[in-house]
Amino acid sequence: MPSHHHHHHHRSTPLLSSSTSASSTTQSFLSKLLLLLTILPLSLAALGFVLQWRGGGVSDPTIATSSTTSRWAPRGSHHEIFPGMETFSSLSPKSHSSSDCINLGRSSSPSFPYYGDWKFGFESNLKPRICITTSTSAGLEQILPWMFYHKVIGVATFFLFVEGHAASPKVSSVLESIPGVKVIYRTKELEEQQAKSRIWNETWLSSFFYKPCNYELFVKQSLNMEMAIVMARDAGMDWILHLDTDELIHPAGAREYSLRQLLLDVPSNVDMVIFPNYESSVERDDIKDPFSEVSMFKKNYDHLPKDTYFGMYKESTRSNPNYFLTYGNGKAAARIQDHLRPNGAHRWHNYMKTPHEIKLEEAAVLHYTYAKFSDLTSRRDRCGCKPTKEDVKRCFMLEFDRAAFIIASTATEEEMLNWYREHVVWGEKDLRLKLLRKGILTRIYAPMAIIQGLRESGVFTSVIETAPTTLSRDMFLASIDSSNSSRAVPSVSLASRKIGRSREHQASTRKVLEIEASAAHEAAVPPLSPPVWNMTTSIDGVNAFT
């Protein structure tokens, strides 16, 4: 063996030397040839790419070939396409006979099936069909990541009740350009229509009526949810969720990271699914984009052993009035069915029966609350409330909101920052680690990773750039900040016509009123704080804060 190696080595040296001594002309010819051979296939590839980009041979992603459809169907679903695999089959309809590797290689886009016309139209045939409704005044920098994150985990349809900044032409024209998104403006027509809602004559929400600020928002959310139910039914939805734009569903415990898979596995006799909420626990005071920068969350009481929760209550509460800064009673998804009604922003109910509900053991709603320092002041500016103990009780349901409002209204910038660091930011590394080990705090990276991936793939910028910029006069008038001048708004009048058109719903409503006694009318579920540790003397929140 060694001699063979030796011999081989000798043989290769002359070859080497001869090539180096080759004339310079042959060398330059070879390099030119190499250059040509490199450029030619690259330019051909670029041409092919451009042609496909412009739509040559890119068919509708929704129409996938049957063999691909069945090949990627997730278990438990009927013949649906596996999310994200559509574009491959549509790029080359004939290639599905050959191996899967070719299919994967054919993708001419980044690892995301949105290029071309981006628009994510393909989920519509996947079951169950899930919609989210929200009432928001946020900007695109918050709404788009929130919405596309939920599209990734299987939500096809969004009913967005917009006001303030979200209703401005810049924002709403982008939102309206996204398939599966229905934008509803708070116009005079909408107000008039909601003023006729049966909810006003019912007791379950009455303790929230005619009060300022948070209470008013809660009533508004409930009225919007009531309309969203009708729209969801008309759109053929199976499930509806009410989420704020600072909340992301975390479908832990599902077969895959998919809300659709999670709800597919829910037994058919279940009417409502409760997602306990986790609360963002920020580690810095200068966070700009919570969805991309927060990975630490405080777990809900429902997901912790009782002795852990109560044993560590003091340390995990850090001189705040409660274990969570804001609400602790989670959010819920409801199966679309007859007589469904909202039960405040956190729950659903049914006029004819008590819904059968389950609480999920692993999945959660991630609530990014007070994650930016500016959240202190933005709440201050939303309310016509005086910073007195009596007045904040009228305005805010939760103790921490009351204290934060008083601080934001009376303190200097520096005092506010110190208060924020003391009550919101988890600066102490040892305490963090201790609570992480106990499982009270937990790390969750999936949403951050998904949203960063979306941002890098260019979805957000593309959606903004391709939105029609010229608004029709009507649209423009409709979007000017929602002052209550009367004007026809295409989007709303359409919704109200639809609701009027569904005569059978109205008839069934009348029928319900006659047999109404059957449904117990306990009060709507407000945002509730987590269980309190009984040993502590009840502290008046505001004292504890100032």
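Residue numbers count from 1 along this sequence.
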> So Tyr313 and Tyr323, would you call those rings parallel, tilted or perpendicular, with 30° and 60° as cut-offs?
Replying inline: parallel

> Less than 2.5 Å separating the SG atoms of Cys213 and Cys385?
Replying inline: no

>> Closer than 3.5 angstrom, by distance alone: can the side chain of Thr134 be matched with the main-chain N or O of Leu243 as a donor-acceptor pair?
In response: yes

>> Counting only heavy atoms not in Lys386 (residues, nucleotides, ligands), do more than 12 fall under 6.0 Å from its NZ?
In response: no

> Going by distance alone, is a donor N or O of one side chain under 3.5 Å from an acceptor N or O of the other, for Asp401 and Tyr370?
Replying inline: yes

> To the nearest 0.5 Å, how far apart are CE in Met272 and CG in Leu340?
Replying inline: 9.5 Å

> In this structure, are over 12 heavy atoms from other groups packed under 6.0 Å from Lys438 atom NZ?
Replying inline: no

>> Quick check on Glu192: does its CD atom have over 12 non-hydrogen neighbours (other residues, nucleotides or ligands) under 6.0 Å away?
In response: yes

> Applying the side-chain contact (heavy atoms from CB on, under 4.5 Å) test to Glu293, which of Met448, Lys288, Glu283, Lys372 qualifies?
Replying inline: Lys288

>> Using ring centroids (six-membered ring only for Trp), state whether Phe158 and Trp146 fall under 6.0 Å.
In response: yes

>> For Arg341 and Glu202: C-alpha separation, side-chain torsions, deciding distance, then whether salt bridge (Lys or Arg N to Asp or Glu O under 4.0 Å) applies.
In response: CA-CA 12 Å; Arg341 71 161 169 85; Glu202 295 167 354; 5.0 Å; no

> Parallel, tilted or perpendicular: which describes the rings of Phe209 and Trp200, with under 30° parallel and over 60° perpendicular?
Replying inline: tilted

> Please walk me through it: do Arg347 and Ile274 pass side chain to side chain contact (heavy atoms under 4.5 Å, CB included)?
Replying inline: CA-CA 8 Å; Arg347 294 289 185 274; Ile274 296 167; 3.6 Å; yes

> What's the spacing between Asp271 CG and Trp239 CH2 if we round to 0.5 Å?
Replying inline: 7.5 Å

> Is the NZ or CZ atom of Arg455 both under 6.0 Å from the centre of the six-membered ring of Phe291 and within 45° of that ring's axis?
Replying inline: no

